[in-house]
Amino acid sequence: MQKKHMGWLAVMLATLPLTAMPHAALAQTQNLGEINVTSGRVEAPAIQSNKPVTIISRADIEASHAANVADLFKGSAGITVRDTSGTGAKAVIDLGGFGDSAASNKVVLIDGRRISNPDLAEADWTQIPLDQIERIEIVHGGGSVLYGDGAVGGVINLITRVPQSGGEVRLAGGSFGKQNGMARYGIDTGRLRLGANVSGDKNKGYRDNSLLERFDIGGRFEGDLTDSIMWYGSGNHHKDRFGLPGGLTQAQVDANPRQSLQLQNHGSTIDNFIDSGLLASIGPVEFDLPVSYRKRNSFAHFGGAFPFDSTSVLRTVSTRPKAVVEQTYGEVKTQVIAGADIDKVKGTVTGLDSKRNRDGYYTQLSLSDRDSAYVVSGGYRTERVKDALSDGSSAISNRLSAYDVGASLAFGDFRLRLNHNKSIRFPRLDERTEYLPPLFVASFRPDLLPQTGRHYNASLRYTQPSAWLEVSYQQAKLKHEIYLDPTVGFFGTNSNYVDPTMHRVLTLSGFWHAHDLAQLSGNYTMVRATFQGGAFSGNRIPGVAQNRVGLDVKSDWTQDISTGLHATYVGSSFMINDQLNTRPRIKSYFLLDATASYRWQGAEFFVRVDNLTNKKYITTGAVSPSSGAFGLYPAATISALGGVSYRF
């Protein structure tokens, strides 16, 4: 770490009160339905967050029998899933209504380690085996103070399972040639916890040339060196290959939605990481000192009249040191968090040898009473990103700041959350790359400006022992929003929208355990994402459905037999790159899925049926900037997945 980085961190740590705090256990069992670490970057009851938080628990994951992580998000509050492959290989999760730029306007983490890519690629949801996830935490709304670049629509954190003694094996198969299997085994000696896992998938896909093959192997450990120092680490090797079936015209969809006209298009990914660190309580301060290395190779081949290959090789070294101090003064509890996020990325992106250095420093203060009837907080971050070609030429450096203030207030059975924050987003490496005619040679663009946003969030939650109901409203006004302008250049050009854009999200969600046979949950989300001036003034941002509904009914018939019904409605949206709003819309659709499981001793037999009504529908479509033609991406009709797992 450079001296100037240490200097910044020292200044922030100096603001911590140097008084004793109660020692926090390094490994403990928590109520996962109430505890989250993402909203405050430390473990705390989710109710203390001043932004809405969605938690998908381990029980939810197991009950869903989903094939991949992207399937879990379908029908979730405030989220839209777009999948051009139908297998989850290229699924895009839209958190907050950003359409084509959804991947760049949220942060995705695994155990707090950023897996959001420095290029435009979405996080690879197939590289995260579901059997390794303990819970998923989703914070809705801007979170740039704690998470920096890209935390505009929200943050998704996948918390993996702490190794335990025992193991599990699972085999499943189903429609369209689906096959998957996994095995995991763990050891817990009390002071040492070790776990290893291996899993794989094979899926021919609903459409021609939509094959997906995936293989993962990884491990995790935790070791208590002393009563106050824990050494931890994890690593994973991921490999996949997939087809890219491409889009179809409406006539081609009507004739045969399973066909592909781009049988030569395909891609592959190899993604490896290792992460390790120390968690220690030293005097008044609890430190987390991790470091990680990641290498990601991605390749895609596109055939046709002008065939070409797209290759990206990115190597990332990062560290995210953090210190936390808690103290009680009478009836007032204080908590101070200070830390840094430092990444160094180097590699090849869309034909250019590029590098990126990112360093962000943050601090946040929270005050609350002993019972958390009120929690108020404020935080600040400064972050710099420097992009350049690997030879040092065409360098561009930007520094931005973010702030966040909010409160969580209890009034009897009601909880009011209020928040105002500023978000930041820097251009991605390939957004700084353009291909200019006539030779279409890649060149570096230093002129693209960073994006900033002002966010206002409010929510009200009513809680009873067996039910809760929450309504929330989010508003984000963005300046210099980065988007692909299809009206400029042969392929379109990444640009800053000169005038502001507005993203408004209204969500109503709830849960009621009426009976073991009727565990009901549901949500409704309304999104208004619009251009506020300029050439597209008043138009809707493409790729954003205005209305979405999710409903679930879970029934435990006996201790060993459970069933579930899951309904999803997604309203119409304009196609990607249709900023003029003149092309036909992607039609709305309604889906009904079902699950059933039977548990006997250590075994569980399960079946999941997706799209029970055999609905023919399309999740996304895009307009070509070069030709003006548009392509539609049909999704799978009815399909089933069945299997068995055994724990020992």
Side-chain angles (χ1 to χ4, degrees), residues 52-57 60-61 63-64 66 69-83 91-99 102 106 136 138 140-141 153-154 156 457 459-462 467-475 503-514 518-530 540-555 563-574 585-595 608-621 635-638:
V53 177
T54 299
I55 297 179
I56 302 175
S57 69
D60 297 329
I61 295 171
S64 74
V69 174
D71 282 346
L72 285 174
F73 293 128
K74 294 177 181 178
S76 295
I79 291 179
T80 299
V81 179
R82 300 194 308 274
D83 188 359
V92 175
I93 309 302
D94 192 340
L95 186 59
F98 288 89
K106 67 178 180 298
I136 301 174
I138 306 164
H140 302 267
I156 299 174
N457 307 308
S459 68
L460 183 64
R461 183 184 180 102
Y462 175 69
W468 59 265
L469 182 68
E470 184 169 24
V471 58
S472 66
Y473 175 76
Q474 306 168 47
Q475 177 177 299
H503 299 256
R504 300 182 179 95
V505 181
L506 176 67
T507 303
L508 177 66
S509 55
F511 170 80
W512 181 30
H513 191 136
Q519 302 168 53
L520 313 174
S521 61
N523 65 81
Y524 166 71
T525 302
M526 180 176 66
V527 181
R528 297 291 184 266
T530 57
R540 288 167 50 184
I541 292 177
V544 180
Q546 289 200 52
N547 299 287
R548 303 192 291 272
V549 178
L551 296 172
D552 284 279
V553 180
K554 183 175 181 292
S555 302
T563 61
L565 283 174
H566 176 69
T568 303
Y569 169 81
V570 178
S572 65
S573 63
F574 288 100
R585 299 186 186 188
I586 302 297
K587 296 180 180 179
S588 62
Y589 58 88
F590 174 82
L591 302 176
L592 188 63
D593 308 325
T595 61
R608 173 182 170 124
V609 181
D610 289 322
N611 196 356
L612 273 171
T613 61
N614 204 29
K615 173 76 174 180
K616 293 184 178 180
Y617 69 104
I618 292 168
T619 64
T620 189
T637 52
I638 187 170

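Throughout, residue positions are numbered sequentially from 1 according to the sequence presented. In this text, all values refer to a predicted model and were calculated from it rather than measured experimentally.
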- Does Tyr462 have any side chain to side chain contact (heavy atoms under 4.5 Å, CB included) partners at least two apart in sequence or in another chain, and if so, which? Asp413, Phe414, Gln464
- Note on the structure: In short, Leu612 meets Ala594 closest at the heavy-atom pair CD1-CB, 3.6 Å
- Looking only at heavy atoms, what is the nearest atom pair of Ala66 and Arg608, with distance? CA-NH1, 3.6 Å
- Query: Under 3.5 Å, is there a donor-acceptor pair between the side chain of Lys106 and the main chain of Ile93?
  - Reply: yes
- Task: Without swapping roles, check the side chain of Asn614 against the backbone of Thr637 for a donor-acceptor pair under 3.5 Å.
- Result: no
- Task: Identify the heavy atoms of Gly99 and Asp94 that sit nearest to each other, and give their distance.
- Result: N-OD2, 2.8 Å
- Rounded distance [0.5 Å steps], CD1 in Ile541 versus OG1 in Thr530: 6.5 Å
- Task: List in chain and number order the residues that pass side chain to side chain contact (heavy atoms under 4.5 Å, CB included) with Lys615, two or more places apart in sequence or in another chain; answer none if no residue qualifies.
- Result: Tyr589, Leu591, Asn611, Thr613, Tyr617
- Taking C-beta and beyond as the side chain, do Lys74 and Val570 meet within less than 4.5 Å on heavy atoms? no
- Message: Rounded at 0.5 Å granularity, tell me how far CD in Gln546 sits from OG in Ser588.
- Response: 12.0 Å
- For the pair His140 (side chain) and Asn457 (backbone), establish whether a donor and an acceptor sit closer than 3.5 Å, ignoring hydrogens and angles. no
- Query: Could you go step by step and tell me if Ile61 and Ile56 meet the side-chain contact (heavy atoms from CB on, under 4.5 Å) rule?
  - Reply: CA-CA 7 Å; Ile61 295 171; Ile56 302 175; 4.0 Å; yes
- Query: Do side-chain atoms of Thr525 reach the backbone of Gly78 as a donor and acceptor pair under 3.5 angstrom?
  - Reply: yes
- Task: With rounding to the nearest 0.5 Å, note down the distance linking CD in Gln474 to CZ in Arg504.
- Result: 13.0 Å
- Note on the structure: In terms of heavy-atom contacts, His503 and Gly97 come closest through ND1-O, 2.7 Å
- Task: Could you go through the side-chain contact (heavy atoms from CB on, under 4.5 Å) check for Val471 and Leu506 one step at a time?
- Result: CA-CA 8 Å; Val471 58; Leu506 176 67; 4.2 Å; yes
- Query: Picking from Asp552, Asp610, Asp71, Asp593, what satisfies side-chain hydrogen bond (donor to acceptor under 3.5 Å, both in side chains) with His566?
  - Reply: Asp552
- Note on the structure: dist Leu460:CG -> Leu469:CG (nearest 0.5 Å) comes out at 8.5 Å
- Closest heavy-atom pair, Val505 versus Gly96, reported as atoms and distance to 0.1 Å, is CG2-O, 3.9 Å
- Between Arg585 and the options Pro542, Ser573, Ser572, the side-chain contact (heavy atoms from CB on, under 4.5 Å) test singles out Ser572
- Message: Could you check whether atom CH2 of Trp512 has more than 12 heavy atoms from other residues, nucleotides or ligands sitting under 6.0 Å from it?
- Response: no
- Message: Can you give me the closest heavy-atom contact between Ala63 and Lys554, atom names plus distance?
- Response: CB-CE, 3.8 Å
- Side-chain contact, heavy-atom cut-off 4.5 Å: Thr619 with Val81? no
- Step-by-step side-chain contact (heavy atoms from CB on, under 4.5 Å) determination, Ile136 to Phe73: CA-CA 10 Å; Ile136 301 174; Phe73 293 128; 4.1 Å; yes
- Roughly how far apart are Tyr524 OH and Thr507 OG1, rounded to 0.5 Å? 9.5 Å
- Item | Distance, nearest 0.5 Å, that separates CD1 of Ile138 from CD1 of Ile79 | 4.0 Å
